[in-house]
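All values reported here derive from a predicted model rather than from experimental measurement.
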Amino acid sequence: MSNAVKEKQVGPKLAVGYAMGEVGCQMSWYMINNYLTLFYTDIVGLSASAISLIMLIARIWDAVNDPMMGSIADRTNTKWGRFRPYLFLAPPFLAIFNILTFTVFPLEGTVKVLTCLICYVGTGMAYTACSIAYQAMQNVLAIDSKARMFLATCRGIGSSVIGIVLSLVAAPLLLMLSHPGVEAADAQGYFRFAIIMSIVTIVPFWLCAAMCKEKYTEQLHVNNGEQQKLGFFGAIREIVKNDQLLMVVLSTVLGTICVSGRMGLLTYYIIYVVGDFMHIASFFTVMTIAQLIGNFLLPLGTNKLGKKGYLIFLQMVMNLGFLAMFLLPNAGIPVLLGISFVCGLCNSASSVCYGLVADSIEYGDWKLGRRQEGVAASMLSFGVKIATAICGSAGVLLLSAVGYVPNAEQTEAARQGINIVVNLVPFVLGLLSILPMLFYKLTPKRVEEIREDLENGKHAWDK
């Protein structure tokens, strides 16, 4: 094997190290995603309007904060690299704010709401510092498009594995750490669990930073000295000119609304349409395990069909799964679990998007003469968070619009409406998410040509 080929490969140490970064990301955000609303209502005692306000302000700021952090990272220059320092420095702050977010302070009224908001925003900012640096680092760990896609695959595997583990241990551990005899987790349980999770979360971030060296930072940025002069708004103006990146972001926003919005409402379908509360865990476990398998299949799929082709293939199969769930609500649990397994396999499409971003960065360098790994990575994160904010606001409104009544026997019209919201609406959104990819033109061959031009000091204006 030639040295050139070896240079492009990803070794086991780098693969495991990069996966550890995603383990840290998922561990740090698991409590927020799955338990914060319940903690606010049942433990802190916040009103629905107060929680809605906190979520709205925090999520909007979190989305805006992403490109700001990306711009800061792009202008960072240290002997450890541009992005690794943040994986060493930010996790302890993330741990502190995570613990504070799940702390019940002896406060009342507006002061209590404001304190919860500050703690939640602080957690989001610390998480952004970790996650944006982690995402951007992929593009300086490897220089070959397939190697970067393999790193994205490692990321997806890390996410799936820790997701399965947390799904199994989180709820029992929360209850175990609470006062003896309680039927649901109490303030003590949340606080103790937050301490354990937050401290443990630091370890995978530090392992990632220690095992992943920014091998190609200097080589890729040798002609990008003017990057320092851009500033935040200049960087955003430049990145918007990258039409290929914008297609990836738009497709990701629509795809995230489709998948995340559906996952947030899937329990309603299982309870009220399928009529089996006891199988909620079965559906989610099957989908999580399937996503792990799907991540292992990513290298094969992207090699055969290309990243764009495989992403479209996965989305089309997933859309057919949504349509089948809509048409066959009475098909029986085994059939519905089988369809859910197929949908879970296709959830691995999210990892393909990170590979597409890496190629878009190459294209941006070739077209604009600037590399902006941090801002480019933040744009994808920005899109995901905007989509999540939309899902959180629209989901409940849609259920109300179709006649859903909480804690009551649903009418036949309401059950059909829930089925439409959970399956047919995501089917339409899934189809729409494919449209931007039709304008994405970075084939494997084109990416290789761009990489060759860059290595020879050529750009789009030289053609």
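With I96 as the fixed residue, the side chain to side chain contact (heavy atoms under 4.5 Å, CB included) test singles out one of L94, I99, L100: L100.
With values rounded to the nearest 0.5 angstrom, L117 atom CG is found 9.0 Å from C119 atom SG. To the nearest 0.5 Å, atom CD1 of residue I157 and atom CD of residue E22 are 11.5 Å apart. One distance of note links CD1 of I293 with OG1 of T288; it measures 11.0 Å at 0.5 Å rounding.
With hydrogens and angles ignored, the 3.5 Å screen pairs no side-chain donor or acceptor of D359 with any backbone N or O of S145. Looking at Q315, its side chain never comes within 3.5 Å of a backbone N or O of A349 through a donor-acceptor pair.
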Could you list the donor-acceptor pairs under 3.5 angstrom formed between side-chain atoms of residues 196-205 and any protein atom two or more places apart in sequence or on another chain?
{"from": "S198", "atom 1": "OG", "to": "A194", "atom 2": "O", "distance (Å)": "2.6"}
{"from": "T201", "atom 1": "OG1", "to": "M197", "atom 2": "O", "distance (Å)": "2.6"}

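Between E362 and R451, at least one side-chain N (NZ, or NE/NH1/NH2) sits under 4.0 Å from a carboxylate O, which counts as a salt bridge. Salt-bridge annotation for R446 and E449: present, with a side-chain N of the basic residue lying under 4.0 Å from a carboxylate O of the acidic one.
With no hydrogens or angles considered, no side-chain donor-acceptor pair links S348 and N295 at under 3.5 Å. Side-chain polar atoms of Y440 and S251 form no donor-acceptor pair below 3.5 angstrom. Between the side chains of Y310 and N303, no donor N or O sits under 3.5 Å from an acceptor N or O.
By the neighbour-count criterion of 12 heavy atoms within 6.0 Å, atom CZ of F150 is sparsely surrounded, having that number or fewer from other residues, nucleotides or ligands. For OH of Y30, the number of neighbouring non-hydrogen atoms (other residues, nucleotides, ligands) closer than 6.0 Å is greater than 12. Within a 6.0 Å radius of CZ in F439, other residues, nucleotides and ligands contribute 12 heavy atoms or fewer. Taking a 6.0 Å sphere around NZ of K112, one finds it holds more than 12 heavy atoms contributed by other residues, nucleotides or ligands. At most 12 non-hydrogen atoms from other residues, nucleotides or ligands lie less than 6.0 angstrom from CZ of F313.
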Fill in: Pair F191-L177, side chain to side chain contact (heavy atoms under 4.5 Å, CB included): steps then yes or no
CA-CA 9 Å; F191 181 68; L177 295 171; over 6 Å; no
Fill in: M287 vs L345, side chain to side chain contact (heavy atoms under 4.5 Å, CB included): CA-CA, chis, key distance, verdict
CA-CA 7 Å; M287 294 180 72; L345 283 174; over 6 Å; no
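In this structure, the side chains of Y120 and I32 come closer than 4.5 Å at one or more pairs of heavy atoms.
The aromatic rings of Y134 and Y18 sit parallel, their planes meeting at an angle under 30°, below the 60° perpendicular limit.
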